[in-house]
Amino acid sequence: MLANNLTQSSDHQDQRPPAAGPLLGASLEALTAWAQQHSQPAYRGKQLHQWIYQKGARSLTEISVLPKQWRQAVAHIPIGRSALHYRSEAPDGAVKFLLKLTDNQVIETVGIPTAKRLTVCVSSQVGCPMACNFCATGKGGFIRNLQTHEIVDQVLTVQEDFQRRVSHIVFMGMGEPLLNPDSVIAAIHCLNQDVGISQRSITLSTVGIPGRIQQLAAHHLQVTLAVSLHASNQTQREQLIPSARPYRIEALLDECRDYVRLTGRRVTFEYILLAGLNDCPEHAAELASHLRGFQSHINLIPYNPIAEADYKRPSYKRIRAFVQQLETRNIAVSVRYSRGLDKEAACGQLRASVADQNSPAH
Ligand code: SAH
């Protein structure tokens with residue numbers, strides 16, 4: 001993989017370093033420099049860029065515009081595309097992909113089409129160490145961070161499968177993106193500059209890692225920050241999210257306020273609705289009191305049942321009542337119903353069930 005030293009500012013996109021491993025993730029400038037290092041003319045960089053990001057080349061040998069002799073000489077250098085392991089389409093058109101990485105680890109990616117949008121839900125880690133009580137991925141533990149090319153690949157895979165341009169990206173698949181910030185930020189730059197997706201159409205969802213939202217703000221990206229709040233007070237948040245123990249909800253909200261101040265971007269708060277647990281009128285009131293005057297938006301997520309937990313999704317009536325409690329307090333709110341496969345809708349579930357069956361791609 002490309003050595004990755006993108007920890008400074010967002011303006012350093014063009015300095016994404018020259019490729020020494022998988023080429024996916026490299027900028028036009030880096031590909032050009034790489035070609036020149038191999039005594040090729042500068043325009044080879046543009047050809048590589050076009051074949052990797054637009055034509056979906058999976059190996060250098062298939063890039064027919066390159067001289068045959070050079071193609072053979074560099075044939076061993078991987079582009080960095082993952083293999084399709086399993087594909088499953090829901091009646092509503094959402095498609096779940098399991099992608100196999102070079103070390104045989106498997107990750108989930110989902111393509112979610114609507115008339116106007118094609119959204120990709122991407123993973124940032126294999127597994128996740130955060131162990132949130134309601135999350136299927138968290139139940140499986142953490143294996144490793146994804147590299148930049150493994151993130152970008154997910155978007156290209158969906159784009160190719162749907163034969164349609166991806167318009168939106170949400171970092172809401174497996175993993176905690178702010179535990180893998182260098183690869184995630186490099187991937188955001190690549191998806192923006194090389195794949196052509198607007199930063200404003202990219203959402204990074206985090207459960208909150210102390211200090212990391214501030215670090216993200218320093219990159220001055222135009223992405224939307226979504227924060228998995230899920231509770232209206234510290235006690236309840238700790239019950240749902242063990243990693244919240246050392247990180248008080250007030251400190252998290254302060255970091256979010258700084259994010260708004262530094263980036264001028266509104267923050268989205270995600271709030272999973274669990275029947276009888278955090279869906280009472282007093283929770284809505286408490287939530288509203290935290291967010292009064294805060295340039296933010298609440299996204300309510302009715303719980304998606306998973307096999308390993310016995311939470312329940314509230315009734316439609318109760319969800320409406322929660323929305324109204326927030327609306328009467330002038331809080332911007334929307335409800336997000338998960339799309340996808342019924343029994344496998346929650347992130348991490350498909351991976352677990354396919355691992356059980358050991359099914360091949362089809
Ligand atoms: N680690 C990041 C992103 C991955 S999860 C984060 O925590 O934000 C993306 C979103 O899906 C999070 O808001 C997460 O809390 C939510 N989620 C996880 N399991 C869920 C479930 N069973 N039902 C509904 N939402 C769930």
Side-chain angles (χ1 to χ4, degrees), residues 96 107-110 112 119-143 145-146 151 154 168-181 183-184 187-188 202-210 212-213 216 223-231 236-244 247 249 252 255-256 259 267-275 277-279 297-314 319 334-353:
K96 273 207 172 194
I107 54 165
E108 279 189 28
T109 304
V110 190
I112 307 156
T119 302
V120 188
C121 178
V122 296
S123 296
S124 56
Q125 298 182 314
V126 185
C128 183
M130 304 312 286
C132 299
N133 288 350
F134 46 79
C135 177
T137 303
K139 301 287 176 195
F142 172 68
I143 297 174
N145 278 339
L146 291 185
I151 298 173
Q154 298 173 58
H168 291 76
I169 295 170
V170 292
F171 279 84
M172 294 186 187
M174 309 175 76
E176 169 46 54
L178 292 189
L179 288 179
N180 185 16
S183 294
V184 165
I188 288 172
I202 300 177
T203 298
L204 188 154
S205 178
T206 178
V207 72
I209 311 291
R212 292 284 166 95
I213 291 175
L216 180 69
V223 300
T224 299
L225 177 68
V227 175
S228 294
L229 201 59
H230 301 329
Q236 191 152 61
R237 196 161 191 268
E238 284 180 17
Q239 281 164 8
L240 300 173
I241 305 171
S243 67
Y247 191 27
I249 193 167
L252 169 61
E255 262 198 75
C256 294
Y259 186 88
V267 172
T268 296
F269 290 104
E270 295 162 286
Y271 190 99
I272 195 168
L273 282 168
L274 303 164
L277 238 152
N278 66 355
D279 65 339
H297 177 266
I298 297 183
N299 207 196
L300 300 174
I301 319 172
Y303 169 65
N304 247 320
I306 64 166
E308 305 90 335
D310 56 6
Y311 298 115
K312 299 246 169 338
R313 174 186 284 205
I319 296 170
S334 55
V335 183
R336 184 176 78 216
Y337 283 96
S338 298
R339 292 182 55 190
L341 312 168
D342 281 351
K343 73 175 179 27
E344 302 162 335
C347 170
Q349 301 241 106
L350 179 63
R351 178 170 168 263
S353 64

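Sequence positions, counted from 1, serve as the residue numbers for this chain. Note that ligands are numbered from 1 as they come in the structure, with each ligand's atoms numbered from 1 the same way.
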Backbone, side chain, both or neither: what part of [X] comes under 4.0 angstrom of ligand 1, heavy atoms only?
| X | value |
| --- | --- |
| Thr206 | backbone |
| Val207 | both |
| Ile272 | side chain |

Of Ser228, Cys121, Pro305, Cys135, the residue with the heavy atom nearest atom 8 (O) of ligand 1 is Ser228

In terms of its nearest heavy atom to atom 14 (C) of ligand 1, the top option of Met172, Glu270, His230 is His230

Interatomic distance, OG1@Thr206 vs CZ@Arg212, rounded to 0.5 Å, equals 9.5 Å

Sub-4.0 Å atoms of ligand 1 with respect to non-hydrogen atoms of [X]:
| X | value |
| --- | --- |
| Phe171 | 3 (C) |
| Ile301 | 13 (O), 24 (C), 25 (N) |
| Gly173 | 4 (C) |
| Ile306 | 22 (N) |
| Gly175 | 1 (N), 2 (C), 3 (C), 4 (C) |

Let me see the working for Ser123 and Glu108 under side chain to side chain donor-acceptor pair (under 3.5 Å), right down to the final yes or no.
-> CA-CA 7 Å; Ser123 296; Glu108 279 189 28; over 6 Å; no

Below the 3.5 angstrom mark, is there an N/O of Phe134, backbone or side chain, next to an N/O of ligand 1?
yes

Any N/O of Glu176 closer than 3.5 Å to an N/O of ligand 1? yes

Could you tell me if the side chain of [Y] sits less than 4.5 Å from the side chain of [X], heavy atoms only?
| X | Y | result |
| --- | --- | --- |
| Leu216 | Pro181 | no |
| Glu270 | His230 | yes |
| Leu252 | Leu229 | yes |
| Leu277 | Gln236 | yes |
| Leu178 | Ile213 | yes |

Original post:
Measuring from the heavy atoms of Ala226, does anything fall under 4.0 Å of ligand 1?
Top reply: no

Show which side-chain atoms of residues 124-136 pair as donor or acceptor with protein atoms under 3.5 Å away, not counting sequence neighbours.
{"from": "Gln125", "atom 1": "OE1", "to": "Glu176", "atom 2": "N", "distance (Å)": "3.0"}
{"from": "Gln125", "atom 1": "NE2", "to": "Asn145", "atom 2": "OD1", "distance (Å)": "2.8"}
{"from": "Asn133", "atom 1": "ND2", "to": "Gln239", "atom 2": "O", "distance (Å)": "2.5"}

Only residue of Tyr271, Tyr337, Tyr311 satisfying ring-ring contact (aromatic ring centres under 6.0 Å, His included) with Tyr303 is Tyr311

